[in-house]
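Notes follow once the structure below has been shown.
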Amino acid sequence: MLSRRKLRFRLIVSFALFGFGLSALFAFAALNIRTRVEDQLVNASLLDDAKWANQQAREHPGEAGPGSRLLTGTTKSERTHYKLPLSRQSLATANGVHDIYEPADDGKTHHYKLAVWNQGGIISFLRYDVSREELGKQQLLISVIGAVFLFGLLSLAIGLWLSRKVLKPVSELAARLRDFRKAGKAEPLAPHFADDEVGELAQALDEYAARLTAMVERDREFNSDVSHELRTPLAVIASTTELLQGSPDLTDKLRERLKRIERSSRQATELIEALLLLSRAERRGPTRGETTDVAKVAADVIESQRPQMRDKPLGIELVVGQAVSVNAPASVLSVALTNLIGNAIKYTLEGLVRVEIGNGRVDVIDTGPGIKPEDAERLFQRGVRGEGAGGSGAGLGLAIVRRLCDLYGWQVSMRPRSDANGAIASLVFEPA
């Protein structure tokens, strides 16, 4: 994974590297130009002196000028008109300036420039010791390197100052956004910033905030309408069913059907309440700090799910090893257990569905076709449903359970059984 750096850090590093690189490039160019120009000037001067010596020797053949001595390795400029040393004879016919390396009087090898001019049978040459100039070049190189590092530090300081100045509006914009989150109300941002890129960003954020506010208002109104318009007919169904059950002339079969209608209306009411909580991302506890008995809710859910068993050779039992209570509405817990227990009944053709309660958790164990370990987590994704007997629906039940568990801090999981065919759905609660 690539490490993420702050924008200010990247600006400082970029500016410092740019300043350092530009200074180093300028220093290299200056040294290179100085070397080339100096070399050209020295070569031209030496060659002119060699030509002049040659001309003087031809015009005054009987005189020996101050440069008539042979090269002896001294650092003075020397000329000769005759007796060219054997080591120089290969250069006698090559007019120009040559680089040679010879030992000097101090026993060290020095770098010389030898200017040779052959004309009219007279060979003139001039030797110049450039070792002294190389010492000056080294000193200049050290000074240039120091200047490069100095300008690099200066670029770093300027980068620090510029980054603080350039990013100050962005930091101010972020601070205002955080203040809005604390205040719970968004105010226009654009009037507080100049008409530049940051001001344009603030204006875009204002437009985005306006759209979000409008969308939230529509969702709030929709939730309120749904809560009212759906709960009212469900309440009418529940009250009417309760009145019908009190009639003395009801048959047992009709009474059982009315109970199913009552359970279904209650489940619909609980589901609507849970979905409204999810839509508002609002965690609501039971009234007056009361806790919900998990075993009681599980027993009600089992009774409501018995009609799904139909004529299947399937049994269902509730095992309460330890009392468990949670700080959550019974409707929310009912929705979660209805999905877990209902899935176990739906996918189990025969055998037993056992609901175990204890140690702050609920385990729903079935003898159905089971699940693959790699599919256990995928079943909680929206739109994914299990494969096997009775598989139907849109695959939203377990996704709703996962969202409710995230809202209340619970943990839900599924895994295959290790001792037999089937699956185990676990719901682990936070401490009551």
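Remember, it's a predicted structure, so these values are computed and weren't measured experimentally.
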Can you see which heavy atom on Phe15 is nearest to which on Ser155, and at what distance? CD2-O, 3.2 Å
Find out whether Asp99 and His111 are in side-chain contact, i.e. whether some heavy atom of one side chain is under 4.5 Å from a heavy atom of the other. yes
Would the distance check show the side chain of Thr292 and the main-chain N or O of Ala328 forming a donor-acceptor pair, the cut-off being under 3.5 Å? yes
How about Lys168: does its NZ atom have over 12 heavy atoms from other parts shown lying under 6.0 Å from it? no
Lys/Arg N to Asp/Glu carboxylate O, Arg255 vs Glu262, below 4.0 Å: no
Does any non-hydrogen side-chain atom of Gln40 lie less than 4.5 Å from one of Asn43? no
Measure from the side-chain N and O atoms of Glu350 to the backbone N and O of Pro313, and report whether any donor-acceptor pair falls under 3.5 Å. no
Surrounding CD of Gln411 (heavy atoms of other residues, nucleotides or ligands, distance under 6.0 Å), is the total greater than 12? no
Within 6.0 angstrom of Glu303 CD, more than 12 heavy atoms from elsewhere: yes
Check whether any side-chain heavy atom of Cys405 sits under 4.5 Å from a side-chain heavy atom of Leu427, and report yes or no. yes
Taking only Lys NZ, Arg NE, NH1 and NH2, and the carboxylate oxygens of Asp or Glu, determine whether Arg36 and Asp39 approach each other closer than 4.0 Å. no
Flag yes if more than 12 heavy atoms outside Arg257 fall under 6.0 Å of its CZ atom; otherwise flag no. no
Can you name the closest pair of heavy atoms from Leu379 and Met414 and give their distance? CD1-SD, 4.2 Å
Partner residues of Arg417 under the side chain to side chain contact (heavy atoms under 4.5 Å, CB included) criterion, sequence neighbours left out: Ile365, Thr367, Asp419, Ala420, Ile424
